[in-house]
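Report on one structure; see the data block that follows.
Below, all heavy atoms of this structure are taken into account, side chains as well, without hydrogens, waters or symmetry copies.
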Amino acid sequence: MNQETVRFVIDGHIGLITLNRPDELNALNYDTLDRLGEIIEEIRLNAKEIRVVLVKAEGRAFCAGADLKERRTLTEQQVRRNVRKIRDVFTALERLPQPTIALINGFAFGGGFEVALACDFRYAVAEAKMGLTEVSLGIIPGAGGTQRLSRLIGPSKAKELILTARRISAADAYELGFVNGVAKDLAELNEQAVGLAREILANAPLAVYQAKSAIDRGSSVDLQTGLDLESMCYEVIIPTKDRLEALEAFREKRKPEFKGE
């Protein structure tokens with residue numbers, strides 16, 4: 001396995017995942033998925049040091065989806081293995097306690113679109129094209145696309161995009177609420193994503209994690225259950241040192257120094 005198919009670095013509490021198969025438009029073969037899964041687990045276990053995660057890609061595509069060259073060589077059983085793998089890896093990405101931001105620098109089709117869906121925030125360059133195009137290949141989205149997209153933009157709009165295999169522009173994605181912002185070029189794309197990351201980093205990391213958890217877990221339940229979940233997440237924060245530090249900083253009229261404790 002070539003671990004360089006996905007690169008990972010930590011820079012000032014920001015974990016940066018970079019898909020690195022530009023010649024294949026960052027298509028997801030099994031080895032790439034395996035390495036991505038390892039990185040996500042490393043991030044999950046290092047939540048004190050890594051507080052925000054950026055997901056980006058080399059080359060002119062964010063991710064063209066599954067590696068169809070590899071897929072043509074697989075048996076039916078191996079196809080099932082790959083689909084389980086991509087679903088598990090993207091679910092692990094979605095469930096990270098840290099906020100995650102996708103930087104869509106070009107094409108994002110099929111599984112590439114689903115990578116972005118598994119992130120909390122998405123920014124795209126103006127010329128990006130994206131979509132869940134699987135039905136045009138005789139399959140369906142298999143890494144959470146049918147579920148996450150419908151929850152994000154509503155079932156009717158999700159059906160329209162999925163059943164037509166439509167490719168949409170960044171402007172259309174923004175209008176639908178799929179992306180949080182559209183950048184004119186790669187420099188502005190990075191500026192937007194890093195700017196959001198820095199805004200998040202200014203806050204208490206454990207509080208950020210619990211707020212994200214309350215939103216994610218409460219979004220698919222009734223209001224009372226959601227309120228109960230919010231209460232449980234708040235209880236986690238009460239004994240933390242960061243909560244006391246915020247109160248002390250307020251008294252001393254200074255910025256708090258959060259440690260993630």
Can you confirm whether more than 12 heavy atoms, excluding those of [X], are under 6.0 Å from its [atom1] atom?
{"X": "Glu175", "atom1": "CD", "result": "no"}
{"X": "Lys212", "atom1": "NZ", "result": "yes"}
{"X": "Glu230", "atom1": "CD", "result": "no"}
{"X": "Arg81", "atom1": "CZ", "result": "yes"}

For Leu25 and Cys63: C-alpha separation, side-chain torsions, deciding distance, then whether side-chain contact (heavy atoms from CB on, under 4.5 Å) applies. CA-CA 6 Å; Leu25 301 182; Cys63 177; over 6 Å; no

As a quick check of understanding, evaluate side-chain hydrogen bond (donor to acceptor under 3.5 Å, both in side chains) for Asp216 and Ser213, giving each step before the final call. CA-CA 5 Å; Asp216 286 349; Ser213 177; over 6 Å; no

Does the pair [X]/[Y] count as a salt bridge with the N-to-O cut at 4.0 Å?
{"X": "Arg148", "Y": "Glu94", "result": "yes"}
{"X": "Arg35", "Y": "Glu4", "result": "no"}
{"X": "Arg254", "Y": "Glu248", "result": "no"}

Using every non-hydrogen atom in the two residues, find where [X] and [Y] come nearest and quote the distance to one decimal.
{"X": "Glu257", "Y": "Glu245", "result": "N-OE2, 2.9 Å"}
{"X": "Gly145", "Y": "Leu117", "result": "CA-CD1, 4.0 Å"}
{"X": "Leu201", "Y": "Gly12", "result": "CD1-O, 3.8 Å"}
{"X": "Ala126", "Y": "Val182", "result": "CA-CG1, 3.6 Å"}
{"X": "Glu114", "Y": "Gly144", "result": "OE2-N, 3.4 Å"}
{"X": "Val221", "Y": "Gly226", "result": "CG2-N, 3.6 Å"}

Under a 3.5 Å distance rule, please check whether [X] uses its side chain to pair with a backbone N or O of [Y] as donor and acceptor.
{"X": "Glu41", "Y": "Glu38", "result": "no"}
{"X": "Tyr30", "Y": "Lys85", "result": "no"}
{"X": "Glu134", "Y": "Ile139", "result": "no"}
{"X": "Ser150", "Y": "Thr146", "result": "yes"}
{"X": "Asn105", "Y": "Gly59", "result": "yes"}
{"X": "Glu191", "Y": "Ala187", "result": "no"}
{"X": "Thr100", "Y": "Asp120", "result": "yes"}
{"X": "Lys255", "Y": "Ala249", "result": "no"}
{"X": "Arg122", "Y": "Ala116", "result": "yes"}

Can you hop from [X] to [Y] via hydrophobic side chains spaced under 4.5 Å?
{"X": "Val6", "Y": "Phe107", "answer": "no"}
{"X": "Ile43", "Y": "Val115", "answer": "yes"}
{"X": "Phe178", "Y": "Leu103", "answer": "no"}
{"X": "Phe62", "Y": "Leu132", "answer": "yes"}
{"X": "Leu93", "Y": "Leu16", "answer": "no"}

CG on Asn180 to CD on Gln192, rounded to 0.5 Å: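 Reported value, rounded in 0.5 Å steps: 9.5 Å.
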
Measuring from atom CD1 of Ile104 to atom NZ of Lys129, what distance do you get when rounded to the nearest 0.5 angstrom?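 Answer for the CD1-NZ pair, Ile104 versus Lys129, is 13.0 Å.
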
Test side-chain hydrogen bond (donor to acceptor under 3.5 Å, both in side chains) on Thr91 and Asp88; report intermediate values, then the result. CA-CA 5 Å; Thr91 297; Asp88 290 347; 5.6 Å; no

Compute whether any side-chain donor of one residue and acceptor of the other, for Thr225 and Asp228, lie under 3.5 angstrom apart.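 No donor-acceptor contact under 3.5 Å links the two side chains.
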
Does a donor on one side chain sit under 3.5 Å from an acceptor on the other, for Thr5 and Asn20?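 No, no side-chain donor-acceptor pair sits under 3.5 Å.
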
Contact between [X] and [Y] at the side-chain level, heavy atoms closer than 4.5 Å - yes or no?
{"X": "Leu196", "Y": "Phe121", "result": "yes"}
{"X": "Pro141", "Y": "Ile162", "result": "yes"}
{"X": "Met232", "Y": "Arg217", "result": "yes"}
{"X": "Pro205", "Y": "Asp242", "result": "yes"}
{"X": "Leu19", "Y": "Lys56", "result": "no"}
{"X": "Asp185", "Y": "Val125", "result": "no"}
{"X": "Lys241", "Y": "Phe258", "result": "no"}
{"X": "Tyr209", "Y": "Leu206", "result": "yes"}

Single hit among Val194, Ile17, Asp11 for side chain to side chain contact (heavy atoms under 4.5 Å, CB included) with Leu54: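 Exactly one option meets the side chain to side chain contact (heavy atoms under 4.5 Å, CB included) with Leu54, and it is Val194.
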
For Ile10, all residues meeting side chain to side chain contact (heavy atoms under 4.5 Å, CB included), sequence neighbours excluded: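 Once residues adjacent in sequence are excluded, the partners of Ile10 under the side chain to side chain contact (heavy atoms under 4.5 Å, CB included) criterion are Phe8, Asn46, Glu49, Ile50.
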
Taking only residues two or more places apart in sequence or in another chain, which ones pass side chain to side chain contact (heavy atoms under 4.5 Å, CB included) with Ser136?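 Only Thr133, Ala165 meet the side chain to side chain contact (heavy atoms under 4.5 Å, CB included) criterion with Ser136.
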
Assess the residue pair Glu58 and Arg7 against the criterion (side-chain contact (heavy atoms from CB on, under 4.5 Å)); give the C-alpha distance rounded to whole Å, side-chain angles, the decisive distance to 0.1 Å, and a yes or no. CA-CA 10 Å; Glu58 290 289 350; Arg7 298 200 308 265; 2.6 Å; yes

Can you see whether Phe109 has Arg167 sitting over its ring - NZ or CZ less than 6.0 Å from the centre and within 45° of the normal?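 Yes, Arg167 and Phe109 form such a contact.
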
Determine which pairs satisfy salt bridge (Lys or Arg N to Asp or Glu O under 4.0 Å) with at least one residue from residues 63-78, sequence neighbours left out, and list them in order.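 The answer is Arg21-Asp67, Glu76-Arg80.
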
Quick one, Ile168 with Leu176, criterion side-chain contact (heavy atoms from CB on, under 4.5 Å). Give me CA distance, side-chain angles, the key distance, then yes/no. CA-CA 10 Å; Ile168 62 173; Leu176 287 167; 4.0 Å; yes

Let's go through Arg166 and Glu160 carefully: what are the C-alpha distance in whole Å and the side-chain angles of both, what is the deciding distance for salt bridge (charged side-chain N to carboxylate O under 4.0 Å, His left out) to 0.1 Å, and is it a yes or a no? CA-CA 8 Å; Arg166 185 176 300 165; Glu160 183 179 343; 2.6 Å; yes

